[in-house]
Visitor: 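The structure under discussion is supplied below as structure tokens; questions concerning it will follow.
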There are 2 protein chains.
Amino acid sequence: MRQNEGLNSDALRGHMDGMLLAVLEHEPLHGYAIIEALRERSGGALDVPTGTVYPALRRLERAGHLASEWVTTGGRSRRTYRLTGSGHRALAAARSAWQSFTDVIGGVLRGPGQTA
Amino acid sequence: MRQNEGLNSDALRGHMDGMLLAVLEHEPLHGYAIIEALRERSGGALDVPTGTVYPALRRLERAGHLASEWVTTGGRSRRTYRLTGSGHRALAAARSAWQSFTDVIGGVLRGPGQTA
DNA sequence: AGTCTACATGTAGGCTGTCTATATGTAGAC
DNA sequence: GTCTACATATAGACAGCCTACATGTAGACT
């Protein structure tokens, strides 16, 4: 279970929740499928370990942003998560926060006087 | 000592080092001035506490990216930090990492199929 | 003289999210 | 019978950012 190419995991902190919500925006998914979706959407850059995802999903459910139910398909049992109303709002908030976050950090990193 | 507007501190994780290096790129500064520079460059969004900055500066010095010396001006003593060669390389690496980081996270947050 | 604010550095300890490692079990292919 | 992919879950380590505290100087104002 190797780690993401060049992406340091400290940097992921505080952005996992938003990504999980984003992945679940238009379809309910179970944990394992969420990990695959993250890998695909990131072009292979993101390989999030189960020890990160499962606790995070439970946290988001406790917070009311996700709801889960067990779904059995072809002999396989999966806990499937979907966004709640609160989850949709949290996703919108996460996107807005991401925007200001990148503006601020990006601006500092580039240095003063650079607009682009 | 109030906190940054809307910026959650988990999100800062792993990006402080790069910002500190960026602020020191063209001129040596002491800790207190670095905090002010971060506030100015971020348009007031970033108000980093001393308990974050001073340990971080020491860490970066131990890592060889910064060098420090005590400078006394007008009765005031300040530990002034400057970038080393290794620090300049680390800053370049941080900028490159920031680019891929925002590409990856931004891409996932936006959802599939969106180029812009 | 006393007080207050801005300047200036520093540490101890807490919090919490991510990671590693481990445990458990099913389905299907070979 | 074994191996791989699928699938969920938890315990404990790790590390960076934060709060709170401790300490001290310079200069302005009263």
Side-chain angles (χ1 to χ4, degrees), chain A residues 1-5 7-21 28-39 46-63 65-66 68-81 94 101 104-105, chain B residues 1-5 7-21 28-39 46-63 65-66 68-81 94 101 104-105:
Chain A
M1 206 175 267
R2 224 231 274 84
Q3 232 24 51
N4 28 28
E5 249 101 303
L7 278 259
N8 135 315
S9 36
D10 271 329
L12 254 28
R13 243 193 140 139
H15 304 293
M16 265 313 307
D17 290 6
M19 290 197 287
L20 294 173
L21 296 173
L29 289 173
H30 60 281
Y32 194 90
I34 290 172
I35 292 173
E36 290 181 321
L38 286 174
R39 187 160 41 230
L46 233 43
D47 192 359
V48 189
T50 65
T52 297
V53 168
Y54 289 111
L57 290 171
R58 290 177 158 281
R59 227 171 23 240
L60 288 168
E61 185 173 24
R62 262 203 313 281
H65 300 324
L66 296 181
S68 74
E69 59 180 330
W70 283 94
V71 176
T72 303
T73 313
R76 286 201 178 291
S77 270
R78 300 145 170 168
R79 188 192 287 274
T80 302
Y81 290 90
F101 171 76
V104 167
I105 312 294
Chain B
M1 210 175 262
R2 228 231 272 83
Q3 231 25 52
N4 30 29
E5 248 101 302
L7 277 261
N8 137 313
S9 37
D10 271 329
L12 253 29
R13 248 197 137 146
H15 304 292
M16 264 315 306
D17 289 6
M19 289 196 287
L20 293 173
L21 296 173
L29 290 173
H30 59 282
Y32 195 89
I34 290 171
I35 292 174
E36 290 182 321
L38 286 174
R39 186 162 39 231
L46 234 43
D47 192 359
V48 189
T50 65
T52 297
V53 167
Y54 289 111
L57 290 171
R58 291 176 158 282
R59 228 171 23 241
L60 289 168
E61 185 172 25
R62 262 203 312 283
H65 300 323
L66 296 180
S68 74
E69 59 180 329
W70 283 94
V71 176
T72 302
T73 312
R76 286 203 179 291
S77 269
R78 301 147 169 167
R79 187 192 286 278
T80 302
Y81 289 90
F101 172 76
V104 167
I105 311 297

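Throughout, protein chains are lettered first and strands after them, A, B, ... in sequence-line order, and every chain is numbered starting at 1.
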Visitor: Expressed in angstrom and rounded to an integer, what is the separation of Ile34(B) atom CD1 from dA8(C) atom P?
Guide: 12 Å
Visitor: Output the rounded distance in Å from CD (Glu36(A)) to P (dA7(D)).
Guide: 7 Å
Visitor: Between Phe101(A) and His15(B), what is the ring plane arrangement, given parallel below 30°, perpendicular above 60°, and tilted in between?
Guide: perpendicular
Visitor: What's the separation between atom CG in Asp10(B) and atom CG in Leu12(A), rounded to the nearest 0.5 Å?
Guide: 11.5 Å
Visitor: When the distance from CG of Leu57(B) to C1' of dC17(D) is rounded to whole Å, what number comes out?
Guide: 14 Å
Visitor: side-chain hydrogen bond (donor to acceptor under 3.5 Å, both in side chains) with Arg76(A): which residues, sequence neighbours excluded?
Guide: none
Visitor: Please identify each residue that fulfils side chain to side chain contact (heavy atoms under 4.5 Å, CB included) with Thr73(A), with sequence neighbours left out.
Guide: Val71(A), Arg78(A)
Visitor: Look at the side chain of Pro49(A) and decide which nucleotide, out of dT19(D), dT20(C), dT10(D), has an atom nearest to it.
Guide: dT20(C)
Visitor: If I take atom CG in residue Leu60(B) and atom C1' in nucleotide dC17(D), what distance separates them, rounded to the nearest angstrom?
Guide: 14 Å
Visitor: Working to the nearest 0.5 Å, report the span between CG of Asp47(B) and CD1 of Ile35(B).
Guide: 8.0 Å
Visitor: Walk me through whether Leu57(B) and Ile34(B) qualify under side-chain contact (heavy atoms from CB on, under 4.5 Å).
Guide: CA-CA 10 Å; Leu57(B) 290 171; Ile34(B) 290 171; 3.9 Å; yes
Visitor: Can you list the stems that include DNA chain C, where a stem is three or more consecutive Watson-Crick or G-U pairs with distances under 3.5 Å?
Guide: C:1-30 with D:1-30
Visitor: Starting at the 5' end of DNA chain C, which residue's closest nucleotide do you reach first, Pro55(A) or Ser77(B)?
Guide: Ser77(B)
Visitor: Once side-chain hydrogen bond (donor to acceptor under 3.5 Å, both in side chains) is applied, do any residues pair with His65(B), and if so which ones, sequence neighbours excluded?
Guide: Ser86(B)
Visitor: On the nucleotide dG10(C), are OP1 or OP2 found under 4.0 Å from the side-chain N or O atoms that Arg58(B) carries?
Guide: yes
Visitor: Does Arg59(A) place a side-chain N or O at less than 4.0 Å from the phosphate oxygens OP1/OP2 of dT18(C)?
Guide: yes
Visitor: Select one nucleotide: of dT9(C), dC6(D), dT10(D), the one nearest the side-chain heavy atoms of Thr50(A).
Guide: dT10(D)
Visitor: Without decimals, in angstroms, what is the distance between Asp47(B) CG and dC18(D) C1'?
Guide: 12 Å
Visitor: Using a cut-off of strictly less than 4.0 Å between a heavy atom of the residue and any atom of DNA chain C, enumerate the qualifying residues of residues 68-76 of chain A by number.
Guide: Gly75(A), Arg76(A)
Visitor: Would you mind reading off the distance between Arg79(A) atom CZ and dT24(C) atom P, rounded to a whole angstrom?
Guide: 20 Å
Visitor: Could you please spell out the steps behind the side-chain contact (heavy atoms from CB on, under 4.5 Å) verdict for Met19(B) and Leu46(B)?
Guide: CA-CA 11 Å; Met19(B) 289 196 287; Leu46(B) 234 43; 3.8 Å; yes
Visitor: For Asp17(B) and dG16(D), what is the distance between atoms CG and C1' respectively, to the nearest whole Å?
Guide: 9 Å
Visitor: In whole angstrom, give the distance that lies between atom OH of Tyr54(A) and atom P of dA11(D).
Guide: 16 Å
Visitor: In terms of side-chain heavy atoms of Thr52(A), which of dT9(C), dT8(D), dC19(C) is nearest?
Guide: dC19(C)
Visitor: So which pairs with a foot in residues 49-62 of chain A pass salt bridge (Lys or Arg N to Asp or Glu O under 4.0 Å), sequence neighbours left out?
Guide: Asp17(A)-Arg59(A)
Visitor: How would you label the contact of Gly51(A) with the nucleic acid (heavy atoms, under 4.0 Å): base, sugar-phosphate, or nothing?
Guide: base
Visitor: At under 4.0 Å, does any side-chain N or O of Tyr32(A) touch on OP1 or OP2 of dC6(D)?
Guide: yes
